[in-house]
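One structure below.
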Amino acid sequence: MSHFIDQIIEAALQENPGLTVTTRFPPEPNGHLHIGHAKSICLNFGIAEVYGGKCFMRFDDTNPLKESAEYVTAIMTDVRWLGFDWDDRLTHASDYFESLYAWAVELIRNEKAYVCSLDGEEMRISRGSLTEPGSNSPYRDRSTTENLDLFVRMRSGEFPDGAHVLRAKIDMSSPNMNLRDPTLYRIRHQPHQRTDSEWCIYPMYDYTHALSDALEGITHSLCTLEFEDHRPLYDWVLDHTTAPCHPQQIEFSRLELDYTVMSKRLLTQLVNAGAVDGWDDPRMPTLAGMRRRGYPPAAIRDFCNRIGVTKKNQRIEMSVLEQCVRESLEPTTPRALGVLRPIKLIIDNYPAGVFEAFDIPNHPNDPSAGSRKVMFGREIYIDEADFLEDPPRRFFRLSPGREVRLRYAYYVTCVGVDRDSNGEISTIHCTYDPDSRGGGTSDKRKIKGTLHWVSAAHALPAQARLYEPLFYSLNPLEDPNIELTDQLNATSRTVLHNAQLESNLQHAAVGTRVQLERIGYFCVDSDTQQDQLVLNQIVALRDSLPRDKPS
RNA sequence: UGGGGGAUCGUCCAGCGGUAGGACUGCGGACUCUGACUCCGCCAACCCAGGUUCGAAUCCUGGUCCCCCAGCCA
């Protein structure tokens with residue numbers, strides 16, 4: 001779908017048909033990517049694709065206090081997994097430190113920057129407030145010579161952290177806070193993951209970003225709405241240096257998803273608090289989490305296309321993502337039979353010790369997917385949810401006296417139940433109709449209910465993990481008085497230790513996806529061990545069960 | 001209360017002076033050896049008030065509400 005940024009680009013192309021549309025995805029390597037980043041990735045790389053341009057993968061690594069090489073690797077993995085490629089356009093802001101420094105010197109020479117020796121607190125106070133102008137720093141009128149001297153000595157490591165900063169000389173009374181002599185460079189005696197100890201001064205984002213964009217020949221610099229106020233500074237930097245070109249910054253709204261948070265800081269907090277198992281916990285909105293959960297990358301790309309790009313605050317319902325996942329999985333994911341909460345069913349008139357193998361299609365809507373053998377016998381498991389002693393209206397499953405179809409196998413009729421000492425049903429007894437072999441009878445009688453099942457003698461025990469939203473609140477940030485960790489959904493993960501699956505899943509590799517018929521899509525989790533298969537529920541099948549209606 | 005943005009079905013997106021349309025959700029139905037898939041149908045919106053115009057979601061004026069900004073973070 002075409003959006004306002006496409007329109008801007010098309011207009012630019014109209015004016016200059018030879019233009020190589022160039023974008024960039026500029027993450028800071030200080031955490032893992034989430035689906036909000038996916039929106040930006042799809043936008044930037046997508047535009048390059050559509051307009052035959054280029055997209056740079058650029059790490060915005062200007063703050064060694066927060067960044068690390070591990071995150072760099074993880075981010076590259078995530079972007080590739082999503083399906084994008086940057087060819088030889090992998091860059092780092094730190095690649096440009098020397099040029100950035102030279103431009104800073106240029107700014108000083110042109111009296112557009114000065115070394116300020118106010119401490120943080122003093123600077124904060126002199127900046128004024130939203131409604132009051134700031135006041136000039138007492139160091140604002142240092143001579144060019146002195147500024148140059150101090151800046152060189154800042155670089156050479158002569159001063160401790162915080163002693164001085166380099167500031168742009170703009171306007172302390174600007175109504176835009178970003179223009180009140182913003183800091184360009186600060187001293188940080190901190191090794192950098194790429195440049196090690198080569199630098200002890202590091203450039204700030206606004207300065208770095210504008211110049212890095214210019215250096216790469218970015219034509220359209222796309223960022224989120226909170227940088228709208230920074231655009232004048234972005235433009236100022238490019239206007240007051242000999243930058244090779246002047247990219248256009250365009251802002252769009254960030255993605256918010258219901259029942260989760262989309263902030264690296266808050267996600268880090270959840271990981272550190274142990275609220276989740278890690279960055280790749282399948283409940284996390286991170287790309288790593290979604291990958292582990294089993295979401296196909298194509299589903300996420302589809303999602304990003306569906307939600308569009310605007311400047312309006314965007315809060316999307318989970319159902320959109322889930323439906324993208326289902327639609328992506330449905331046509332290609334092989335089917336399997338498995339029960340999550342098993343209850344034993346004995347077919348009284350089926351001989352003990354006799355088993356037969358049914359040939360079952362791997363994908364009922366796609367014959368080319370082939371078939372597999374599934375064993376059947378006198379004792380099977382069905383799901384607890386498929387039996388009710390006292391069924392409500394429109395319950396199509398099994399209950400005393402009713403006949404249902406066991407998928408691809410036989411019709412069975414419930415003739416009774418056994419109870420344990422607590423009075424709980426321990427076993428369901430049925431009889432089967434031999435004429436119904438394969439799932440149909442000669443009299444063509446209609447059977448409304450069809451249940452999935454697993455032969456008890458052949459069942460493969462497994463652990464199944466079911467997921468719900470991480471938070472119980474639609475927007476966990478809406479009420480700042482409630483701690484994030486107090487809004488966690490207590491049932492965000494349900495671990496079922498006694499799932500029973502068809503034995504064909506025995507050696508399924510980690511990452512294998514399967515649809516457990518009538519339940520949902522599942523993915524073999526990395527916690528799987530030789531003797532313990534672990535399945536994540538990717539997403540449940542949509543269901544149209546009658547809902548409880550107010551009577 | 002300074003500055004910068006934004007308001008169209010419940011949610012998201014289209015519309016660019018000429019019948020407000022799509023997706024998701026919800027509801028109803030058809031089909032069905034998955035209550036899946038597929039198909040059909042229905043509910044449902046232009047923030048408010050003026051103005052311009054034959055005609056306004058769109059243009060103008062004035063309001064209202066929401067988001068962002070006072071890091072040596074990005």
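Chain letters run A, B, ... following the sequence lines, proteins first and then strands; every chain starts at 1.
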With [X] via side chain to side chain donor-acceptor pair (under 3.5 Å) - residues at least two apart:
| X | result |
| --- | --- |
| Arg180(A) | none |
| Ser156(A) | none |
| His220(A) | none |
| Arg140(A) | Asp181(A) |

query: Which class fits the ring pair Tyr205(A) and Phe227(A): parallel under 30°, tilted 30 to 60°, perpendicular over 60°?
result: tilted
- request: Fill in the dot-bracket string of RNA chain B, one character per base: . for unpaired, | for a pair to another strand, ( ) or [ ] for pairs within the strand, taking Watson-Crick or G-U pairs under 3.5 Å.
  value: .((((((..((((....[..)))).(((((.......)))))....(((((..]....))))))))))).....
Within the structure shown, what part of the strands sits under 4.0 Å from [X] by heavy-atom distance: base, sugar-phosphate, or nothing?
| X | value |
| --- | --- |
| Leu118(A) | base |
| Thr310(A) | sugar-phosphate |
| Val320(A) | sugar-phosphate |
| Asp206(A) | nothing |
| Arg265(A) | nothing |
| Glu28(A) | sugar-phosphate |
| Glu132(A) | nothing |

For [N] and [M], measure between their [atom1] atoms and round to the nearest Å.
| N | M | atom1 | answer |
| --- | --- | --- | --- |
| A56(B) | C46(B) | P | 16 Å |
| U61(B) | U52(B) | C1' | 11 Å |
| G15(B) | A57(B) | P | 16 Å |

message: Restricting to side-chain contact (heavy atoms from CB on, under 4.5 Å), what partner residues turn up for Ala540(A), sequence neighbours left out?
response: Gln537(A)
Report the residues that fulfil ring-ring contact (aromatic ring centres under 6.0 Å, His included) with [X], sequence neighbours left out, ordered by chain and then residue number.
| X | answer |
| --- | --- |
| Trp103(A) | none |
| Tyr259(A) | none |
| Trp236(A) | His240(A) |
| Tyr408(A) | none |

message: Whether the side chain of Glu251(A) and the base of G5(B) hold a donor-acceptor pair under 3.5 Å is what I'd like checked.
response: no
message: Does any part of the side chain of Val165(A), heavy atoms only, come nearer than 4.5 Å to the side chain of Met123(A), both counted from C-beta?
response: yes
Write down the distance between [atom1] ([X]) and [atom2] ([N]), rounded to a whole number of angstrom.
| X | N | atom1 | atom2 | result |
| --- | --- | --- | --- | --- |
| Leu233(A) | A74(B) | CG | P | 12 Å |
| Glu256(A) | G6(B) | CD | C1' | 15 Å |
| His192(A) | C73(B) | NE2 | C1' | 14 Å |

Is the phosphate of [N], meaning OP1 or OP2, less than 4.0 Å from a side-chain N or O of [X]?
| X | N | value |
| --- | --- | --- |
| Arg186(A) | A74(B) | yes |
| Gln190(A) | C72(B) | no |
| Thr62(A) | A74(B) | yes |

- request: Enter syn or anti for the glycosidic conformation of G10(B), syn applying to angles within 90° of 0.
  value: anti
- prompt: How does protein contact run along nucleotides 66-71 of chain B, one letter per nucleotide 5' to 3', with B for base contact, S for sugar-phosphate only, - for none, heavy atoms under 4.0 Å?
  reply: -SBBBS
statement: A correct 5'-to-3' footprint of nucleotides 34-45 of chain B, with B, S and - meaning base, sugar-phosphate only and no protein heavy atom under 4.0 Å, is BBBS--------
message: Regarding His92(A) and Asp61(A), do their side chains bring together a donor and an acceptor under 3.5 Å, going by distance alone?
response: no
- prompt: Would Glu322(A) and Ser319(A) count as having a side-chain donor-acceptor pair, cut-off 3.5 Å?
  reply: no
